[in-house]
Amino acid sequence: MFLRGFVSGTAASTVVFAVIYASVNRKEIYRESDNPSFEDINKLERGREILKYGFPNRGPELMYYTNHVLAYDRAKRTPVWVAEHITAETLKGYASRKYEKFLPDPRIPQMFSAQNSDYQKSGWSRGHMSPAGNHKHSQEAMKDSFFLSNIVPQNFENNAGFWNRLEMYCRDLTKDFQSVRIISGPLVMPYTEEGKKFIKYQIIGDNEVAVPTHLYKIILAERKSQPVAVGVFVIPNQPLDFSHHLSKYQITLHQLESRTGIKFVPNLDLSKTVNLCDIHSCLI
DNA sequence: CTGATCATC
DNA sequence: GATGATCAG
């Protein structure tokens with residue numbers, strides 16, 4: 001079974017603590033800024049003068065929806081990451097995707113937003129990060145999931161196949177765990193050429209939506225209010241044979257952090273290679 | 001479940 | 001262009 005290797009992985013516990021401590025750490029930062037020193041006040045006032053007429057604010061603010069939260073990448077016109085929380089209860093219901101269609105997110109300024117026309121005839125399908133199937137308890141929640149802010153250009157066969165199986169696996173986890181939290185997103189991985197590293201990715205449509213080279217999911221399950229299992233998946237955005245072993249697709253926590261914007265605890269060893277699961281045994 | 005596409009109004 | 005039926009993995 002999937003679960004065995006899943007729970008026992010050493011990287012698993014590392015990421016559990018990383019996710020949990022991230023929020024604690026932010027509170028400490030806020031506490032410091034509540035009581036700034038004189039030097040900090042001088043910097044703040046000087047900074048306000050420097051930035052008097054504005055500045056390019058590229059820090060993605062969190063966007064909250066009925067049943068998911070995301071950070072949006074205005075340059076790539078895709079989410080940076082999408083977070084969700086599912087339980088056996090929230091997966092029940094009769095909400096259906098037949099009532100919904102993909103729409104540009106009205107909360108994203110048009111010049112930074114993807115349009116359906118970008119995807120049509122691009123060769124890439126519109127792939128949910130927070131899946132429609134995770135919002136069956138609420139038609140409104142499902143409607144939110146069809147905003148293009150939750151969508152990434154994804155290989156069609158991968159979307160209907162391997163990625164779909166991974167989403168099904170996440171839902172299955174709620175049978176064994178009281179609660180499952182999932183962070184999903186697109187990833188552009190570098191390649192090496194003549195000893196140098198490069199990043200290259202396709203852009204589609206008039207709005208130049210970025211096609212990721214990979215997709216990832218970070219899964220944290222919970223039992224008796226304790227996180228007891230976690231998995232990190234990084235899979236290429238291409239047709240995948242279910243029987244193929246993905247051990248070669250390894251990634252360090254540092255790479256994951258720098259490419260996704262997800263923040264891990266400061267004292268974590270980010271050079272540690274994440275132990276990717278043996279997908280073959282996972283999904284059967 | 002995951003999607004696109006085509007006929008129809 | 002919107003909608004619903006149909007098709008495919």
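Here is the naming used below: chain letters follow the sequence lines, and residue numbers restart at 1 for every chain.
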### Query
Considering all heavy atoms of both residues, which atom of A:Ser122 and which atom of A:Ile204 are nearest to each other, and what is their separation?
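Between these two residues, the closest heavy atoms are OG-CD1, 3.6 Å.
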### Message
Which heavy atom of A:Thr78 sits nearest to which heavy atom of A:Tyr72, and what is that distance?
### Response
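Shortest heavy-atom separation between A:Thr78 and A:Tyr72 comes out as O-CD1, 3.6 Å.
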side-chain N/O [X] vs [N] OP1/OP2, d < 4.0 Å:
{"X": "A:Asn164", "N": "B:dC1", "answer": "no"}
{"X": "A:Arg171", "N": "B:dC1", "answer": "no"}
{"X": "A:His128", "N": "B:dC1", "answer": "no"}
{"X": "A:Lys101", "N": "C:dT3", "answer": "yes"}
{"X": "A:Arg165", "N": "B:dC1", "answer": "no"}

### Task
Report which part of the nucleic acid A:Arg126 touches: base, sugar-phosphate, or nothing (heavy-atom distance under 4.0 Å, all strands).
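Counting heavy atoms under 4.0 Å across all strands, the contact made by A:Arg126 is with sugar-phosphate only.
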### Task
Check every strand shown and say whether A:Glu167 touches a base, only sugar-phosphate, or nothing at a heavy-atom separation below 4.0 Å.
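Answer is sugar-phosphate: A:Glu167 comes under 4.0 Å of backbone atoms only.
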For the pair made of [atom1] in [X] and [atom2] in [N], what is the distance, rounded to whole Å?
{"X": "A:Ile151", "N": "B:dG3", "atom1": "CD1", "atom2": "C1'", "value": "11 Å"}
{"X": "A:Asn155", "N": "C:dA8", "atom1": "CG", "atom2": "P", "value": "18 Å"}
{"X": "A:Leu148", "N": "B:dG3", "atom1": "CG", "atom2": "P", "value": "12 Å"}
{"X": "A:Lys98", "N": "C:dC7", "atom1": "NZ", "atom2": "P", "value": "18 Å"}
{"X": "A:Asn150", "N": "B:dT2", "atom1": "CG", "atom2": "C1'", "value": "14 Å"}
{"X": "A:Met142", "N": "B:dC1", "atom1": "CE", "atom2": "P", "value": "7 Å"}
{"X": "A:Phe156", "N": "B:dT5", "atom1": "CZ", "atom2": "P", "value": "8 Å"}
{"X": "A:Leu166", "N": "B:dG3", "atom1": "CG", "atom2": "P", "value": "13 Å"}

### Query
Centres of the A:Tyr201 and A:His214 rings: under 6.0 Å?
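No, they do not, as the ring centres are separated by 6.0 Å or more.
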#### Entry: Minimum-distance nucleotide to A:Met168 side chain [options: B:dC1, C:dG9, B:dT2]
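For A:Met168, the side-chain atoms sit closest to B:dC1.
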### Query
Are side-chain heavy atoms of A:Asn116 and A:Arg126 found at a separation under 4.5 Å?
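Side chain of A:Asn116 against side chain of A:Arg126, heavy atoms only: contact under 4.5 Å found.
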### Query
Taking for each residue the nucleotide of DNA chain B with the nearest heavy atom, is it A:Arg97 or A:Gln120 whose nucleotide lies nearer the 5' end?
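With A:Arg97 and A:Gln120 compared, the 5'-side residue is A:Arg97.
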### Task
Name the residue closer to the 5' end of DNA chain B, choosing between A:Lys121 and A:Ser96 according to the nucleotide with the nearest heavy atom.
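This one resolves to A:Ser96.
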### Query
Parallel under 30°, tilted from 30 to 60°, perpendicular over 60°: which one fits the rings of A:Phe102 and A:Phe146?
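The rings of A:Phe102 and A:Phe146 sit tilted, inter-plane angle from 30° to 60°.
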